[in-house]
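For reference, the structure discussed in these notes is given below.
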Amino acid sequence: MFSIGELSKRTKVKVPTIRYYEEMGLLAAPERTEGNQRRYDMAGLERLSFIKHSRDLGFSIEAISDLIELQGHPDRSCQEATDIAVSQLSDVRAKIKRLRALEKELVRISKGCGDERVSENCYVLASLADHKLCHQDH
């Protein structure tokens, strides 16, 4: 049995986050001691590790909830889990595309200024003030 502090250390998930996952129903409410302290078993540790890894990969709370639901029904198709993962992959690729566009635009505007003074029409500040100076949508 693990205290919430020990669970936090082992998984590198902060204590308030563990409580939040309990409130959201992702993590089962643990047993309590006579002093009302939480005590987690190995299954709780494994579940929290699953949640942490899923969050590290960018899965939403809703997607994680769906994946946990699937774990409880081993007779269901693995395709459901695959569909959730493919959806997350699509979201990540869209974010990467947006980030690349942001990178390109930031590279471009950061080359716009030299040693001029800000008062002499700083291109970076002008670009941030007027979106029309951007070369692409972002």
Search all heavy atoms of R10 against all heavy atoms of L45 and return the closest pair with its distance. CB-CD1, 4.0 Å
State, to 0.1 Å, how close S127 and I109 come at their nearest heavy-atom pair, and which atoms those are. OG-CG2, 3.6 Å
Would you give the length of the straight line joining atom [atom1] of [X] to atom [atom2] of [Y], rounded to the nearest 0.5 angstrom?
| X | Y | atom1 | atom2 | result |
| --- | --- | --- | --- | --- |
| L48 | T17 | CG | OG1 | 9.0 Å |
| E62 | I64 | CD | CD1 | 9.0 Å |
| E46 | T11 | CD | OG1 | 12.5 Å |

Check whether any side-chain N or O of [X] sits under 3.5 Å from a backbone N or O of [Y] as a donor-acceptor pair, and report yes or no.
| X | Y | answer |
| --- | --- | --- |
| S65 | I61 | no |
| S54 | F50 | yes |
| E80 | L70 | no |
| S87 | D83 | no |

Knowing that exactly one of E22, Q37, R39 qualifies, which makes a side chain to side chain contact (heavy atoms under 4.5 Å, CB included) with P30? E22
Indicate yes or no: does D56 engage K52 in a salt bridge with an N to O separation below 4.0 Å. yes
same_hphob_cluster([X], [Y]) at 4.5 Å side-chain heavy-atom cutoff:
| X | Y | result |
| --- | --- | --- |
| M24 | I51 | yes |
| V124 | L102 | no |
| V86 | I84 | no |
| L99 | L106 | no |

Could you check if a side-chain atom of [X] sits within less than 4.5 angstrom of a side-chain atom of [Y], using non-hydrogen atoms only?
| X | Y | value |
| --- | --- | --- |
| F59 | H53 | no |
| Y40 | I18 | yes |
| M42 | F2 | yes |
| L57 | V92 | no |
| V107 | K111 | yes |
| L7 | V13 | no |
| I4 | R19 | yes |

Atom CZ of residue position R32 - does it have more than 12 heavy atoms of other residues, nucleotides or ligands inside 6.0 Å? yes
Mark yes when over 12 heavy atoms from residues, nucleotides or ligands other than R100 sit less than 6.0 Å from its CZ; otherwise mark no. no
